[in-house]
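Because the structure is a prediction, the values reported are computed rather than measured. Throughout, a chain's letter reflects where its sequence line sits, starting with A, and its residues are numbered from 1.
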Amino acid sequence: MNKACYFCGMQTKKVRVRFAPSPTGGLHLGGVRTVLYNYLFARQHQGDFILRIEDTDQTRFVEGAEQYIYDCLNWVGLTPDESPLKGGKFGPYRQSERKPIYKQYADQLVANGQAYIAFDTPEELERMRVDFKTEQNPSPQYDRTVRNKMRNSLTLSPDEVKRLLEQGARHVIRIKMPENETIRFTDMIRGEVEFNSSLVDDKVLLKADGMPTYHLAVVVDDYLMEISHAFRGEEWLPSSPVHVLLWEYLFGLDKMPQWAHLPLILGPQGKLSKRDGAKYGFPVFAMNWTDPKTSELTEGFRERGFLPEAFINMLALLGWNDGTEQELFSKEELVEKFSIERVHSGGARFDFEKAKWFNHEWIKKLPVSSYAAAVKTYLLQKGITITDETRFEKVLELVKDRATLLPDFAEQAVFFFRAPTAWDLDAVKPKWNEAKTQFFQSVIEKFKPADWETVILESNFKEWASAAGLKPGEVLLPFRVMLVGGKFGPHVFDIAALLGREETIKRIQRFLQEV
RNA sequence: GGCCCGUUGGUCAAGGGGUUAAGACGCAUCCCUUUCACGGAUGAAUCACGAGUUCGAUUCUCGUACGGGCUACCA
């Protein structure tokens with residue numbers, strides 16, 4: 001498992017990182033970025049990327065949420081090396097299936113006096129919070145100042161504790177935070193971080209149902225799964241002293257993974273939430289997510305028409321850059337250039353406009369074949385079925401500069417597959433006259449199958465216009481409106497060339513009846 | 001309230017004692033294009049504040065302010 005570091009020759013632990021979501025709903029932007037950074041780091045160090053499902057809260061079980069996580073990872077192409085689905089040497093990878101493992105560690109802490117048993121009921125805890133609440137202390141914690149006033153193995157006699165346990169009284173195990181110790185560790189992004197243990201509360205480690213809380217489960221599983229580096233959101237920083245202490249008590253600080261607390265992704269006001277998305281009209285989840293209970297749909301980047309390449313690129317740059325002016329990175333380039341030390345410590349506000357720019361760049365950059373299938377689904381929504389693959393890709397090639405999001409292709413490409421039924425007459429009619437009608441009638445006659453090529457079409461058309469005493473500009477826009485229906489789209493003669501002679505003539509004739 | 005983290009244009013950000021303080025998004029103007037885009041050019045716009053250290057602070061230190069996170073038998 002160990003190997004020598006390429007750079008310094010020292011024996012180093014194999015890099016093993018993990019993404020540990022709780023399957024309670026959609027996968028958030030920030031979650032995907034955490035996956036990304038984990039993945040990039042693992043690949044870069046020839047390490048393993050593990051997916052561990054943190055489903056210790058049975059009350060928050062959500063049908064389909066776990067599958068949704070796999071689907072998202074699959075879509076963005078960040079697939080784990082070990083997971084509940086794939087398995088691995090360190091399974092099971094679902095914490096609910098690891099339930100029997102945790103108790104012994106909690107018991108060990110109690111035996112060593114580093115944790116204690118607490119019998120307080122939810123009602124008692126609630127009363128404590130009310131009773132101890134003051135203006136100075138609006139949210140009292142279960143800490144060293146109150147634990148002596150509660151019902152736990154610290155205040156009850158050993159006999160009483162024994163009796164309660166034998167009676168099967170519901171109880172939890174809490175860590176006993178030491179008094180006035182400085183707990184410090186080095187964060188890969190923030191450097192030295194320190195906390196005074198007196199200010200941290202006695203967090204529950206093992207719940208009354210026998211399940212561990214996050215605090216116990218992360219350290220036990222990170223140890224058992226030989227995690228070398230632990231990346232998570234900044235919101236975990238305040239509870240990190242508990243985790244550090246647990247590492248010290250249980251496995252030794254020398255075994256502790258290196259921590260990196262990632263900056264938060266901010267919305268218009270504070271931590272980005274799905275509410276922000278709904279409010280401001282941009283997606284927050286990777287893919288569409290429908291809450292099975294409320295049927296509430298939260299939009300995803302995928303369905304909004306984002307390319308996974310763009311999504312990942314944009315996420316990578318939200319909090320990291322390589323110090324150069326480069327902004328467009330493929331996944332492979334990111335693996336090569338990413339460095340956790342260059343991740344910012346400050347939160348980054350998500351900007352949907354910039355996200356769209358990334359997508360546009362990737363649409364232009366990627367071969368159209370890589371997203372043709374996705375575009376088809378949007379066309380299908382407009383009732384258009386694609387049969388000629390080659391022609392379809394030619395169309396995409398012609399309009400891709402005009403598409404920022406995938407659904408834009410539908411707008412930009414429909415007229416290649418369906419003749420317009422409505423025309424922007426306002427753009428044409430005011431300047432229309434008999435001479436133009438005659439001109440287009442003559443054009444229909446003059447169009448020869450052999451001339452069906454963009455450049456020939458263009459030079460002929462302009463020549464005929466001049467001969468008819470018309471400025472090319474006077475008939476170019478009408479020609480476009482005939483073929484397209486509106487004032488948009490690629491070069492007119494490219495359109496005509498792709499449409500073919502018959503269809504072009506048909507559209508001219510149809511329009512002539514209309515104007 | 002307490003604790004923790006942070007602060008370079010509207011947003012993402014480079015830079016890290018001496019610079020005209022990069023670049024990108026967005027915005028504006030112009031060019032290209034007899035459409036819409038793409039592309040090109042130009043422009044407006046930034047070191048939160050106050051002390052200290054220093055010959056010199058955007059850069060280092062300390063305060064203040066502001067922003068954010070956490071403060072559950074949730075993760």
[X] [atom1] to [N] [atom2]: how many Å, rounded?
X: A:Asp322; N: B:G23; atom1: CG; atom2: C1'; value: 12 Å
X: A:Leu328; N: B:G23; atom1: CG; atom2: P; value: 18 Å
X: A:Lys133; N: B:G2; atom1: NZ; atom2: P; value: 16 Å
X: A:Ile189; N: B:C4; atom1: CD1; atom2: C1'; value: 15 Å
X: A:Asn313; N: B:C25; atom1: CG; atom2: P; value: 13 Å
X: A:Lys431; N: B:U35; atom1: NZ; atom2: C1'; value: 13 Å
X: A:Phe352; N: B:C27; atom1: CZ; atom2: P; value: 14 Å
X: A:Asp143; N: B:G2; atom1: CG; atom2: P; value: 15 Å

Dump every N/O contact between nucleotides 37-41 of chain B and the protein below 3.5 Å, one line per pair.
residue, atom, partner, partner atom, Å
B:A37, O2', A:Asp401, O, 2.9
B:C38, O3', A:Lys364, NZ, 3.0
B:G39, OP1, A:Lys364, NZ, 3.1

- prompt: What pairs of residues pass the salt bridge (charged side-chain N to carboxylate O under 4.0 Å, His left out) test when at least one of them lies in residues 412-432 of chain A, not counting sequence neighbours?
  reply: none
- request: Drop me the distance from A:Arg129's CZ to A:Lys133's NZ, to the nearest 0.5 angstrom.
  value: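 With rounding to 0.5 Å, CZ (A:Arg129) is 11.5 Å from NZ (A:Lys133).
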- prompt: How long is the gap from CG on A:Leu262 to OG on A:Ser345, to the nearest 0.5 Å?
  reply: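 One gets 11.5 Å once the value is rounded to the nearest 0.5 Å.
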Strictly by modelled atom types, are [X] and [Y] linked by a side-chain donor-acceptor pair under 3.5 Å?
X: A:Glu235; Y: A:His261; answer: no
X: A:Asp408; Y: A:Tyr378; answer: no
X: A:Glu192; Y: A:Thr186; answer: yes
X: A:Gln326; Y: A:Glu333; answer: yes
X: A:Asp221; Y: A:Tyr93; answer: no

message: Defining pairs by Watson-Crick or G-U wobble geometry with both distances under 3.5 Å, how would you list the stems of RNA chain B with at least three pairs each?
response: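 When the pairs of RNA chain B are grouped into runs of at least three, the stems are B:1-7 with B:65-71, B:10-12 with B:23-25, B:27-31 with B:39-43, B:48-52 with B:60-64.
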Say we look at [N] and [M]: how far apart would their [atom1] atoms be, to the nearest angstrom?
N: B:G16; M: B:U8; atom1: C1'; result: 11 Å
N: B:C47; M: B:U42; atom1: P; result: 23 Å
N: B:G15; M: B:U58; atom1: C1'; result: 10 Å
N: B:A45; M: B:G52; atom1: C1'; result: 31 Å
N: B:C62; M: B:A24; atom1: C1'; result: 35 Å
N: B:A48; M: B:A57; atom1: P; result: 16 Å
N: B:A75; M: B:A22; atom1: C1'; result: 40 Å
N: B:C38; M: B:U46; atom1: C1'; result: 30 Å

task: Tell me, yes or no, whether the heavy-atom count around A:Lys99 atom NZ, taken from other residues, nucleotides or ligands under 6.0 Å, exceeds 12.
output: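 Above 12, so yes.
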message: Would A:Arg174 pass as a cation-pi partner of A:Tyr142, given that its NZ or CZ must be under 6.0 Å from the six-membered ring centre and within 45 degrees of the axis?
response: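 Positive - A:Arg174 is close enough to the ring of A:Tyr142 and near enough to its axis.
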Please answer whether the main-chain N or O of [Y] pairs with a side-chain N or O of [X] as donor and acceptor at a distance below 3.5 Å.
X: A:Asp202; Y: A:Met177; answer: yes
X: A:Arg349; Y: A:Pro268; answer: yes
X: A:Asn359; Y: A:Gly305; answer: yes
X: A:Arg98; Y: A:Pro92; answer: yes

- prompt: Quick one, which residues of residues 460-478 of chain A touch RNA chain B with a heavy atom under 4.0 Å?
  reply: A:Pro472, A:Gly473, A:Leu476, A:Leu477
Under 4.0 Å, heavy atoms only, any strand: does [X] hit a base, just the sugar-phosphate, or nothing?
X: A:Gly233; answer: nothing
X: A:Pro263; answer: nothing
X: A:Phe358; answer: nothing

query: Using 30° and 60° as the class limits, which term best fits the ring planes of A:His28 and A:Phe285: parallel, tilted or perpendicular?
result: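 A:His28 and A:Phe285: perpendicular rings.
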- request: Do nucleotides 62-75 of chain B as a string where each nucleotide becomes B, S or -: B if the base has a protein heavy atom under 4.0 Å, S if just the sugar-phosphate does, - if no protein is that close.
  value: ------SBSBSBBB
A:Glu327/A:Lys354 ion pair, N-O < 4.0 Å: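 A:Lys354 and A:Glu327: salt-bridged.
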Ionic contact status for A:Lys103 with A:Asp107, cut-off 4.0 Å: yes
task: Would you sort out whether A:Ser96 and A:Asp55 count as a side-chain hydrogen bond (donor to acceptor under 3.5 Å, both in side chains), showing the intermediate values?
output: CA-CA 6 Å; A:Ser96 58; A:Asp55 55 350; 2.7 Å; yes
message: So if I take every side-chain heavy atom of A:Leu199 and compare against B:A22, B:C36, B:C3, which nucleotide ends up nearest?
response: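 Given the options B:A22, B:C36, B:C3, the side chain of A:Leu199 is closest to B:C3.
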Where do N or O atoms of nucleotides 44-48 of chain B meet protein N or O atoms at under 3.5 Å, pair by pair?
none

Torsion-based syn/anti label for B:C38, 90° from 0 as limit: syn
query: Is A:Asn321 near enough to B:A14 that one of its side-chain N or O atoms lies under 4.0 angstrom from OP1 or OP2?
result: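 Yes.
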Closest-nucleotide 5' rank along RNA chain B - winner of A:Pro138 and A:Lys487: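 In this pair, the answer is A:Pro138.
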